[in-house]
Protein chains: 2
Amino acid sequence: MAHERRAGVPVAGKDQLKQGKDGKSIAVQGLRGAILRGDMVPGQRLVETELVELFGVTRGSVRSAIDDLVADGLVERIHNRGARVRRVSLDQAIEIMECRRVLEGLIAAKAAERAGPDDIARLRVHGELLRQAIRDGEMGKYSTLNQELHAMLAEISGQSTAADLIGRLNAQIVRHQFQLAQRTAWPRSSVDEHGTIVEAVAAKDPAWAERAMHEHLSHVITALKNAGE
Amino acid sequence: MAHERRAGVPVAGKDQLKQGKDGKSIAVQGLRGAILRGDMVPGQRLVETELVELFGVTRGSVRSAIDDLVADGLVERIHNRGARVRRVSLDQAIEIMECRRVLEGLIAAKAAERAGPDDIARLRVHGELLRQAIRDGEMGKYSTLNQELHAMLAEISGQSTAADLIGRLNAQIVRHQFQLAQRTAWPRSSVDEHGTIVEAVAAKDPAWAERAMHEHLSHVITALKNAGE
DNA sequence: GCTCGCAGGATTGTCAACATTTTCGCTAGC
DNA sequence: GCTAGCGAAAATGTTGACAATCCTGCGAGC
């Protein structure tokens, strides 16, 4: 009480470093990585003792890590019956993408409001790289650049709350997105949607940026729906 | 889906019963309630041993409960330095409300798509009650009805992901909203925004419903901004 | 007079053992 | 031949004790 420290501001830069040491964070990072990487498939049981010897941490840490991932929606647990990797149905994935759509729209709009000249320059460079990756058919590079572009917009927008929510939502559907990227040949019309978004932000036109982002993600959602049939 | 803990509708009856028994859930509910009710003010330290004797559960349960609330953004914890009730700045509250704005817009749109005749009837009744509460100046009743209306839309929309996100976001800013409700005399123009939303949903016009919801929450955000000056 | 260093006390983080619940295989009975 | 009931094994949930870390107050030294 004597020490009224910093009013809680956002996130955790140094916390991450500190947490890297203790057992819980090793378990969290290991488990999250394994699930996101696909080493553990949806529906698979997570037996605590197995994870103990897999990660070399105590059972308490594993337990705590599972709690964390349950809160993130990556794992589901049933009382006295253990935990398993959450299986996200296509309908749920669509729901999640619809949330992402409006949140990314918000970010795009705010980014358009706040973007400075240097931000715009960086965005343009990234947009050009994206176009090249698409033209050369390098899907891996495209995916990486795509994520970086969204991250850049999030940073410019300053909407850390929205960015955080999107991060969580995305983690839940990486598998669907991966499948989508592999099975879908993107139509020519959607090739330059990123370019439009960049342009809208550069023009500092929030409404346009939001519309462009909405349109872009609507196409992804449509592709998701079609993939299910 | 993964989190049917708090938000809209208690799907699992027996889970509630089970959760009521074990220590962790008692601690979670108790702590969340205390924070939301304002019994514990932002910035206040949460000493584990104190909570132990307050709720009559073990320290492990308290610890686990704190982890849960950290994941929900209600509490922040610093390594080896304990946990405290998260202090949400006005800027952060505005950010959160902007997320809520677009998510509620999504829900309103989807609700307009899916609403059946009985849903519409229920909404109209609720809208009328809301109007009465405003006319009679009963702010407490207004607040309750307002929440119920939003919950009803969330249920109709079927977007449980968005509803869950909104539930979490809302919990983080109850304090701000409470202060806002007490200090602000709502302008006449915003009196019947709820009516407009209900009408738009009843007309099964998603775009209109989304616009109406956006406008409504934009006014709340504006009020929030003004309250800070 | 001020700063640096150092125990003392308090609080959190970790761990290993105990209790409870569920599941699966087996036997007995219809 | 099939189903119901029982018991052992495995996995989970819980508890209490131990170790590491941090804040506070006091005293010595410059």
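Every value quoted in this text rests on a predicted model; they were computed, and no experiment measured them.
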Classify the nucleic acid contact of B/L46 as base, sugar-phosphate or nothing, counting any heavy atom under 4.0 Å across all strands shown. sugar-phosphate
Pick base, sugar-phosphate or nothing for B/G82, based on heavy-atom distances below 4.0 Å to the nucleic acid. sugar-phosphate
[atom1] of [X] versus [atom2] of [N]: gap in Å, rounded?
{"X": "A/F55", "N": "C/dT14", "atom1": "CZ", "atom2": "C1'", "result": "19 Å"}
{"X": "B/D68", "N": "D/dG13", "atom1": "CG", "atom2": "P", "result": "13 Å"}
{"X": "B/I78", "N": "C/dG13", "atom1": "CD1", "atom2": "P", "result": "11 Å"}
{"X": "A/K24", "N": "C/dT12", "atom1": "NZ", "atom2": "P", "result": "15 Å"}
{"X": "A/N80", "N": "D/dT12", "atom1": "CG", "atom2": "P", "result": "10 Å"}
{"X": "A/E48", "N": "C/dA17", "atom1": "CD", "atom2": "P", "result": "17 Å"}

For C/dT12, take OP1 and OP2 only and decide whether either is under 4.0 Å from a side-chain N or O of B/R63. no
B/T58 side-chain N/O to D/dT14 phosphate OP1/OP2 under 4.0 Å: no
I'd like to know if the side chain of [X] and the backbone of [Y] have a donor-acceptor N/O pair within less than 3.5 Å.
{"X": "B/E95", "Y": "A/S160", "value": "yes"}
{"X": "B/R101", "Y": "B/H214", "value": "yes"}
{"X": "A/T222", "Y": "A/S218", "value": "yes"}

Any ion pair linking A/E98 and B/K110 (charged N to carboxylate O, less than 4.0 Å)? yes
Proximity to the side chain of [X] - top-ranked nucleotide from [options]:
{"X": "A/R59", "options": "C/dG13, C/dT12, D/dG13", "result": "D/dG13"}
{"X": "A/H79", "options": "C/dT11, D/dT15, D/dG13", "result": "D/dG13"}
{"X": "A/R77", "options": "D/dA11, C/dG13, D/dG13", "result": "D/dG13"}

Residue pair A/R114, A/D119: steps toward the salt bridge (Lys or Arg N to Asp or Glu O under 4.0 Å) verdict: CA-CA 9 Å; A/R114 301 190 11 156; A/D119 294 324; over 6 Å; no
Do A/R81 and D/dG13 share a donor-acceptor pair, side chain to base, under 3.5 Å? no
